[in-house]
Amino acid sequence: MELAKAYDPKSAEENHYKRWEESGFFAPEINQNPNAVKYSIVIPPPNVTGSLHMGHALQHTIMDALTRWKRMQGYRTLWLPGTDHAGISVQRKVVEQLKKDEHKKPLDIGREEFGKRAWAWKEQYGNTITEQMRREGASVDWSRQRFTMDADLSLAVRNVFCKLYEEGWIYRGLRIVNWCPKDKTVLSDLEVKEETRKDGKLTYLKYPVVGTDLTITVATTRPETMLGDTAVAVNAGDERYKHLIGKMIALPLTEREIPIIADDYVDAEFGTGAVKITPAHDPNDYLVGERHNLEQLLVMNEDATMNSLAGPEFEGLDRFVARAKVVEEFEKLGLLEKVEDYEITLPVCERCKTIVEPILSDQWFVKMDEMRDLALEMAKENVPHFSPEVPHQKVYTNWLENLKDWTISRQLWWGHQIPAWYDADGNVFVAATEEEAKGKSGGNDLKQDQDVLDTWFSSGLWAFSTFGWTGERSADTPVRMSAEHENDLAAGSGDADKSVRTPSDLETFLPTDVLVTGRDIIFLWVSRMMMLTKKFVGKRAFDDVVVTGTVLGKDGKPMSKTRGNGVDPLEMFDKFGVDATRIYLASIATGADIKWNDVGVETYRNFANKIWNATRFCLMNADNSDANASLTEFDGQHVANDPASHALADRWIISRVSKTAVAVNKALDTYQFHEAVSLLYHFFWDDFCDWYIELKKDEITAGDVAATTRIIWILDTSLRMLHPFMPYLTEELWLKLPGSSAELHNAAYREADASIMLADFPLGDVKLFDEAAEKEMSAVIDVIKKVRNIRAEMNISTAIKFTVHIAALPEMQSLFEANKAQILKLAKAENLIISDELDVPRASAKAVTNDARIAVPLEGLIDFEVERTRLANQITKLTEEKTRLDGQLSNANFVDRAPAEKVQELRDRQAELLHQIETLNNNLEALN
RNA sequence: AGUCUCUUAGCUCAGUUGGUAGAGCAUUACCUUGACAAGGUAGGGGUCAGCAGUUCGAGUCUGCUAGAGACUACCA
């Protein structure tokens with residue numbers, strides 16, 4: 001069989017995904033081992049409005065690598081996919097569409113029709129991201145795909161809401177909330193971001209004190225809110241204002257008089273020491289207002305224009321227009337003290353960047369006291385465990401300790417409508433259905449709450465609602481039957497015990513094993529899943545959390561549309577291939593941010609091509625039925641025991657591949673993906689391609705069956721280990737290996753059609769570690785490298801074959817003798833003379849290794865000056881190292897206190913250096 | 001303001017209980033060697049941001065300084 005000369009990712013990518021999916025390889029049911037341990041991951045559901053970005057690609061790569069790795073090990077794996085209804089995002093898309101196509105507003109078509117449009121939008125555009133995930137090679141079980149607004153997930157939402165309400169963990173109340181005037185909805189604290197503005201102003205307003213000619217100066221960044229002031233507060237201990245406490249202020253621009261009050265909240269040292277109090281527009285002022293029983297005067301509409309309470313002069317004005325007008329009016333009245341430039345951080349809406357207005361509003365909240373304790377208790381036991389642990393473990397715990405109540409209502413139409421109904425008197429009835437609510441109300445006419453729930457409310461249930469939990473008290477959780485059981489029923493095997501109940505997904509797959517996600521939603525999502533899963537299922541949602549870093553643009557800034565520094569994963573797939581992009585992403589240290597660079601992906605594109613070509617070489621010579629036969633009964637022990645594998649290079653590569661396998665598994669176990677990638681990269685390229693294939697070329701080309709079989713086993717093992725990162729390339733190649741078949745699958749998958757994704761993942765075998773072989777091989781490699789160095793430094797063409805002399809101790813002599821052919825081949829030498837002492841003419845280039853003195857007679861070719869420089873350079877280098885060691889070893893403190901092993905190690909090295917330096921010095925003298 | 005992270009070769013980054021500084025790319029020289037020029041061979045290049053400390057020994061631990069960044073809170 002002959003492969004194309006270069007790897008073409010496109011064709012491999014088109015060849016396999018559909019077959020994998022249609023064969024049911026992604027579903028846990030493919031696993032035929034009834035005792036298989038489960039391994040489960042739920043995907044952080046991307047927004048239905050979303051399309052694949054680099055952050056997804058990174059996280060999906062990690063989740064897929066873990067899933068494929070565990071699946072190959074024989075676990076019953078499930079990676080569950082799905083999407084999130086993304087309240088505000090979808091709503092905005094539909095509003096835009098409506099405006100563009102029909103010049104209508106949502107109110108023109110009504111809530112019901114709007115809902116239909118939103119669903120239609122979801123149907124039409126919502127699968128963009130799922131199609132892109134197929135391109136990525138994500139081995140998710142599509143048969144279990146979920147959407148946060150699926151009927152059963154919505155039922156779960158309503159039941160959770162009702163339960164929490166009954167227990168008093170959900171309440172409705174008047175609080176200062178974050179209001180986005182553009183989206184016209186309330187936002188949770190976590191949906192508000194900060195933006196620093198340098199052009200802020202701090203305005204000092206003078207308020208006249210009634211019955212005096214005094215004024216009191218307050219400073220504000222939002223002058224328009226003075227229209228809603230209901231007091232001025234000072235610190236009780238502030239001598240400047242003590243005499244004014246209790247007096248009234250004639251609030252300018254209004255007809256109102258407001259009191260001067262004393263409150264500890266005011267810091268006498270800060271600003272003027274006097275603070276205007278606007279209880280309906282500021283959280284701190286709200287608290288002050290509560291303490292002093294102040295009126296709460298809301299002076300804005302929901303679109304942030306001023307309302308009638310702001311006075312006729314201001315009613316209808318936008319908040320910023322009103323702000324300018326207030327300042328202007330104060331100036332006219334001579335009550336404007338000054339306006340200072342002031343750098344200010346403003347709260348802005350995470351999505352639309354509109355400045356958020358804190359206002360007093362009636363909303364639904366989740367009380368966080370008990371919720372926090374649920375999560376905190378687990379957090380103290382390091383559940384979940386974060387990777388990387390620093391800083392997330394601590395940040396997570398600290399955040400929980402300072403948690404505030406969660407605003408869960410949203411003034412939107414797209415989402416889970418709050419299951420609360422009101423009668424004509426405003427009494428509230430919370431129930432999962434309208435009928436139930438009606439029953440509770442005694443049959444009155446009810447109107448459902450118009451708000452929907454925060455998208456993160458349903459996301460918080462994702463860990464268990466996706467597994468069929470609905471919270472229905474009678475029906476319990478739906479039972480998913482095993483494929484086997486379904487077949488029994490279909491076949492009508494009447495005596496099968498119908499009462500045998502296979503475990504539901506909920507029982508089987510929860511807790512999930514790991515959650516892979518970004519830093520930004522640890523609080524927003526991870527914490528809430530922990531709380532709600534514990535609360536409603538009594539289990540951990542997941543054991544581990546892998547926190548991925550941010551893939552930054554080439555400019556080192558987060559990728560964003562406005563910056564235009566985004567890199568599209570799909571473009572990378574087209575340019576370098578899916579596998580190269582995946583393994584590059586996996587090569588980023590867990591949790592670390594990284595600047596995107598194409599060169600990194602190119603490196604792995606080249607790696608893919610290297611793998612392709614190494615396989616190409618092996619297969620060119622493997623069309624051989626004997627090799628086929630032996631491959632199917634292959635295992636490492638078998639290869640190692642084969643007398644034909646007792647050559648040094650064979651023992652060495654078997655040891656190397658075993659060590660690599662053990663290390664790769666360990667790295668994956670601890671979520672050190674970059675470590676696994678690095679191990680595989682260097683094993684494959686350096687050990688396997690550069691040394692092993694080069695050494696074995698002749699045998700392979702000659703069609704030696706044992707050699708071919710062995711090299712294909714190494715290749716097979718390598719491809720399996722690479723598969724979690726490079727699924728397409730490895731499948732494409734593995735299926736071409738002689739003898740690859742379902743017989744090589746993990747025992748759990750013997751029935752399935754052949755695929756590397758079901759092959760056993762190499763675990764490595766410590767019994768195959770061969771320290772002697774590794775030591776001997778490096779002695780041989782050292783000699784070859786030295787000879788190559790001589791050739792390169794002396795600038796001797798490879799066309800010129802020379803004789804190499806080696807002097808060494810007797811046991812090393814026999815090692816070199818045994819590997820004569822290998823040394824000659826890779827050093828491109830003609831003769832090898834091994835003896836106790838070097839016996840060479842003066843016109844020779846010389847070198848030394850730990851185990852050998854080397855000389856290459858170069859009569860007529862040697863440039864003595866070059867050789868002197870070469871030797872001198874080596875002496876300098878070694879001497880520097882020796883000087884360091886001498887110093888260390890002559891330090892009595894070191895020798896006494898350092899571990900004896902370490903001291904001995906350095907002494908050995910010192911002896912080696914001494915020997916090598918002496919040898920090189922002799923060589924140098926011999927030239928003179 | 002508080003908490004935390006980062007600063008290692010020209011560039012992008014590894015470096016897991018403190019014990020001779022690594023990779024990829026770039027760079028230099030040579031090589032159309034029968035898998036691969038997306039390749040091979042051999043090189044060059046770092047006082048690990050700075051200062052001080054602990055230690056026989058510090059990229060690694062502690063403190064401070066300077067830059068960069070993250071998060072949380074507040075900002076009248």
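Note on naming: letters A, B, ... go to the chains in the order of the sequence lines (proteins, then strands), and numbering restarts at 1 for each one. All values derive from a computational prediction rather than experimental measurement.
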Side chain of A/Cys689, heavy atoms from C-beta onward: which of B/G24, B/A42, B/A35 has the nearest atom to it? B/A35

Base, sugar-phosphate, or nothing for A/Phe270, non-hydrogen atoms under 4.0 angstrom? base

Calculate the interatomic distance between A/Tyr604 atom OH and B/A14 atom P; express it in whole Å. 12 Å

5'-most contact on RNA chain B: A/Lys193 or A/Asn613, nearest heavy atom basis? A/Asn613

Within the structure provided, determine whether A/Tyr342 and A/Thr203 are in side-chain contact (heavy-atom separation under 4.5 Å). no

How close or far is atom P of B/C4 from atom CD of A/Glu401, stated in whole angstroms? 14 Å

Could you give the distance separating B/G10 and B/U28 at their P atoms, to the nearest angstrom? 16 Å

Nearest-Å distance once atom C1' is located in both B/A68 and B/U8: 16 Å

Distance between P atoms of B/U3 and B/U65 (Å, rounded): 13 Å

Taking B/G44 as the reference, what is the distance to B/C30 when you measure between their C1' atoms (whole Å, please)? 15 Å

A/Val599 has its side chain closest, among B/C75, B/G40, B/C25, to B/C25

Considering heavy-atom distances to RNA chain B, does A/Lys394 or A/Ser587 have its closest nucleotide positioned more toward the 5' end? A/Lys394

Could you give the distance separating B/G67 and B/G53 at their C1' atoms, to the nearest angstrom? 23 Å

What does B/C30 pair with, Watson-Crick or G-U, if both distances are under 3.5 Å? B/G40

When both hydrogen-bonding distances must be under 3.5 Å and the geometry is Watson-Crick or G-U wobble, what is B/U72 paired with, if anything? B/A1

Atom CD1 of A/Ile790 and atom P of B/A29: how far apart are they, to the nearest Å? 22 Å

Separation of A/Leu202 atom CG from B/C75 atom P, in whole Å? 13 Å

Sort out the partner of B/C25 for me: Watson-Crick or G-U wobble, both distances under 3.5 Å, none otherwise. B/G10

How far, in whole Å, is B/A14 from B/C61 if one measures between their P atoms? 16 Å

Would A/Ser188 and A/Glu191 count as having a side-chain donor-acceptor pair, cut-off 3.5 Å? yes

Under 4.0 Å, heavy atoms only, any strand: does A/Glu881 hit a base, just the sugar-phosphate, or nothing? base

Hey, is A/Arg884 close enough to A/Glu880 for a salt bridge, meaning N to O under 4.0 Å? no

Between B/U41 and B/C51, how many Å separate the two P atoms, rounded to a whole number? 40 Å

Classify the angle between the aromatic ring planes of A/Trp685 and A/Phe607 as parallel (below 30°), tilted (30 to 60°) or perpendicular (above 60°). parallel

Watson-Crick or G-U wobble mate for B/C51, both contacts under 3.5 Å: B/G63

Nearest-angstrom distance, C1' atom, B/G69 to B/U27: 31 Å

Side-chain donor-acceptor pair under 3.5 Å between A/Glu602 and A/Asn606, yes or no? no

Report the distance from atom CG of A/Asn789 to atom C1' of B/G44, rounded to the nearest whole Å. 13 Å

Write down the partner of B/U20 under the Watson-Crick or G-U wobble criteria, each distance required to be under 3.5 Å. none

Using whole Å, what does the distance between atom P of nucleotide B/C74 and atom CG of A/Asn178 come to? 10 Å

To the nearest angstrom, how far is A/Ile583 atom CD1 from B/A23 atom P? 18 Å

Under a 3.5 Å cutoff, is there a donor and acceptor pairing between the side chains of A/Tyr584 and A/Asp598? no

Mate of B/A58 where both pairing distances stay under 3.5 Å, Watson-Crick or G-U: none

